[in-house]
Structure formats: structure tokens, C-alpha cells
Peer 1: 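Provided herewith is a single structure, encoded as C-alpha cells, for subsequent inquiry.
Note that these values count all heavy atoms, side chains included, but never hydrogens, waters or copies made by symmetry. We number each residue from 1, following the sequence as shown. Remember, it's 1-based here, ligands and their atoms both numbered in the order they're listed.
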Amino acid sequence: MKVMKFGGGCLCSVSDFLKVVEIVKNEKDDCVLVVSAVNGITNELLNGIEFAQKSESNIEPIIQNIRKKHREFADEIITNDIIRQEVIDTLDIKIVKLERLLYGIAFTEEVTDSVKMHILSFGERLAAILLAGVLNDKNHVALAFEADTIGIITDSCFENATANISVVKKNLKQKLLPKIQKGITPIITGYFGCSENNKITTFGRNGSDYSATVVACGLEAETIILWKNVDGFMSADPTIVKTAKKINQLSYYEAAELAYFGAKILHPRALEPLIDSKINVTIRNFSQPQNEGTIILSKFEKSKPSIKSVTYNNNIAVLRIQGPGVGFKPGIIGDIGNLLAKIDVNIYSIITSQTCINLLINPNDSQKSYKVITDLIGDTIQNITLEEDISLIGIVGEGLMKTSGMAANVFTAVAQKGINIEMISAGASEIAYYFIVRRKDVKETVKAIHNCLF
Ligand code: ASP
Ligand code: MG
């Protein structure tokens, strides 16, 4: 069995929908599809939530626009009158529900997390109905399923939910296998699930990647194809390095490291559900379906131990906590971690020395983190500074620790450009090597390293 996910970038135009049909019809394996919202709809829903709080009169134009977009696709693509009318009616029922939720916000002038997630889930609900109609019209039997009704159960972390895989397994097998056995292609809404007490949760923006891996795990599929509008993972950001090459193969951990690091191509947590599975994931370019893409092997397969990619992340800040004795104070990292956890701040990474603890965090969290940590200034901690004008550079690949002279070569290449490296983290993982430079130097650094390594 194969799970194929079509992102919003694959659902932009009439010809996109027809291309999806072609891809699905050409598949010989049993297929399960996971869909994102039609391009732009999730943003439209976000606007809807914001504008509805300001005035009721903002709701109608947004609803009209969403209805128009979906109906146009149905009108232009679906030729069978009965199928088309059924799709339009089903879409309308959903859109009325959406409208009511938005009016609810306008009347109460407030929006809870669960209502917000519920509203955001409508993009995927509408896309699944539409795509199922299109496939049926083209003589491929398909049926739309909503993640909450088929039991994609998650925790209650509303905007960054985690699926309960063992429960999902039981539910999906029960709800979907009989349909698949009858030759029906299920089309499942991506992006959201629901908590045990029936509240809609989402997996964060671009969360349909994660949905696809959850569904594949749940159904014990063999492979996943994520159709996107890029070629796959690259050896560097091609807008910075003209000679960047597509990476054909990545190990599970390499891909996870790159995704967490901020390579926008894959949802950062998409690989998590697959940790114990033999399922591999291929990223394919929707506009160039003949291309091979990047295959991410399961951790049970051997990948080539080479250096794969140099990447960067500008969305980073460093909180530098200094004091002569920080390296000798038991529990200090725990204290800091607890304080930050209380205000919901996630620490990406910690780089320490005997006199300094550096926390890598999201810049959105930096001011509030700075504030709470200031309370710790006393005997041990004497000074706290915040660095925001920085970038994190990462070099990723299974071959890293086995390539002698790599660090020397990289640092020489960077030094030759007159760029100063401020902080280094190496050896924490066998496959990634991180360091910090000033934000203004990020492009030159990436170019210099790519030149040196590839
Ligand atoms: N539609 C959601 C978003 O735009 C989820 C997704 O595209 O995967 O973020
Ligand atoms: Mg999207």
C-alpha cells in the first residue's frame, strides 16, 4: 500500500487537479491519499478568524470567496451532472458550518484554541470532498474521510498535536481497510486530528506531511510519496548556491535533522511517527513527476555515509548566561530549563562552557526568556545577554564524523572570507555539526562551505 500526500501547492489550478487524477490512476498499488487545503485557503481561514473578531460584516466576503473557489473547480472539472451537484451540495453543507463558527466568534468576540483549530480544519475538509468528486468523475472510485471521524486521535496540544499511533492504527484499520479492499481510494484530510474529548487539534502549518506519515503508520503502508512543488532536499538553498544539487537519498536521521533545522521542505515532525517502522518516504516534484525526488530511507536501511547538505537558520536567538561558576553548579541547567518550560519556551539546543551557558531559542521567545532568566542573577549567574543578529549554520550527513579534516577545511574556507565563527556545536550527534555566524555573513558562509565540501 502507498500513501500519497498532495500539498496545497499541488491544488492550485484545474490542470493541477487533472494531474493528481493522472498520478493516482497510474498507480498500480492500493493507494490512500492525504490532502492539504486548496492553495491559499488555510491563510484565508486565518484571516477569517482575525476579521470575524473585528466585525460580523467581514465574514460574508470570506465565505463567498471560499465557496467560489471550490465551486469553480467543481464546475470546470467535474463533467457528470449528478456527481458535480452532489459535490457542490456537500461543500455547501460544510461551508454553512464554517460560516456559523465564524459568526460565533463575531458574537462572542473571542476565540478559543479549539474553535480556532476547528475553523482551520475546513480547508482540508473541502479539498477532500472536491478531490473525491473529481476522481469519481474520472472513473476512479474515491471517498473523502475526515480525520476526526475516522479516529486520528491526538493529545490536546492544539497547534502542535501528536497523534496516538496505537489508537490511530486500530481506528484506521477498522474504518479504512474494508473500503480499500473494495477498491475504493480513501482521501483523508491532512493537517488536523482530534483529541480524546473530541476537540479539533492541528499539527501546525504544513501539518499534512505529518498526517501522511501518521496515516501510513496506521495502515502499515510500505511507502509514502509527498508530492510538493520542489525537487526534494538540496545540498544547499538553491537561491544562495546556484550549483546546489538535489540529494537523491537521505537516512532517516539526516532528513529529521534537516527538517528540524528548518529546511522548509518537510514538516519538522513528519518523520517522528516512522521511527520504528520500515516505511520510507519519497519527496517528489509535482510539476516534474518524471523526476526521482529525494528518498528518505527507514532507519533499518543503510544509506551512503557522505556529507549531504549545508543549511542555515535565521530564525534563531542565543541567550548567553555567564558566571564564573556555572560549570560547577549542580542543577543550574535544570533550573533554567524549568523556568523557561513554565513560560512555554522551547530550547532548541544548549552549548556550554565552564563559565557560560548558551541557549538557542526562537527569537519570538527571546524577550520573555531574557526576563525570567534575569531573576536568576545572583552568586553564580552574573550576566545575561541576548544575541539576535545571528544565524545558525548546519552541516548534515552520516559521513561527517568519518571525514577527516572536514572541520579544518570548512573553518579555513569560512575564515578565508573574513567571517568569524562565534560558537560551535559538534559531536552531539554523529550526523550534524552546527555553528553560529553573524546574520549578515550567512550567505557567504553557506556558499564558502558548499564550495569546499561539494
Ligand atoms: N493547509 C495547512 C497549511 O497550509 C496544512 C498543510 O498545507 O499541510 O498549513
Ligand atoms: Mg499548505
Peer 1: If every non-hydrogen atom of N39 is compared with every non-hydrogen atom of K69, which pair is closest and at what distance?
Peer 2: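 Result for this residue pair: O-NZ, 4.4 Å.
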Peer 1: Taking distance alone, with no angle check, do D209 and ligand 1 share an N/O pair under 3.5 Å?
Peer 2: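 So ligand 1 has no N or O lying under 3.5 Å from an N or O of D209.
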Peer 1: Please could you name the atoms of ligand 1 that R205 approaches to less than 4.0 Å, counting only its heavy atoms?
Peer 2: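 Near R205, meaning under 4.0 Å from one of its heavy atoms, ligand 1 has 3 (C), 4 (O), 9 (O).
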Peer 1: For Y191 and ligand 1, does the shortest N/O to N/O distance drop below 3.5 Å?
Peer 2: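 Min N/O separation from ligand 1 is not below 3.5 Å for Y191.
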Peer 1: Below 3.5 angstrom, do we get any N/O pair linking E124 and ligand 1?
Peer 2: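 Checking ligand 1 against E124, an N or O pair does fall under 3.5 Å apart.
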Peer 1: With a 4.0 Å cut-off on heavy atoms, does G8 reach ligand 1?
Peer 2: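 Contact check G8 vs ligand 1: negative.
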Peer 1: Can you list the residues that meet the salt bridge (Lys or Arg N to Asp or Glu O under 4.0 Å) rule with K28, with sequence neighbours excluded?
Peer 2: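 If we apply the salt bridge (Lys or Arg N to Asp or Glu O under 4.0 Å) test to K28, skipping adjacent residues, there are no hits.
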Peer 1: Check each heavy atom of S36 against ligand 1 and say whether those closer than 4.0 Å belong to the side chain, the backbone, both or neither.
Peer 2: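 For S36, only side-chain atoms sit under 4.0 Å from ligand 1.
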Peer 1: Honestly, is R125 close enough over F122, meaning NZ or CZ under 6.0 Å from the six-membered ring centre and within 45° of the axis?
Peer 2: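 Here R125 passes the 6.0 Å and 45° test against F122.
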Peer 1: Can a salt bridge be assigned to the pair K299 and D276 using a cut-off of 4.0 Å between side-chain N and carboxylate O?
Peer 2: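 Yes, charged N to carboxylate O under 4.0 Å.
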Peer 1: Side-chain atoms of residues 212-233: list all donor-acceptor pairs with protein atoms under 3.5 Å, sequence neighbours left out, distances to 0.1 Å.
Peer 2:
unit_1 : atom_1 : unit_2 : atom_2 : d
T213   : OG1    : Y210   : O      : 2.9
T213   : OG1    : A270   : O      : 2.7
E220   : OE2    : K173   : NZ     : 2.7
E222   : OE1    : M1     : N      : 2.4
K228   : NZ     : D209   : OD1    : 3.1
K228   : NZ     : D209   : OD2    : 2.9
K228   : NZ     : I265   : O      : 2.8
D231   : OD1    : N285   : ND2    : 2.9

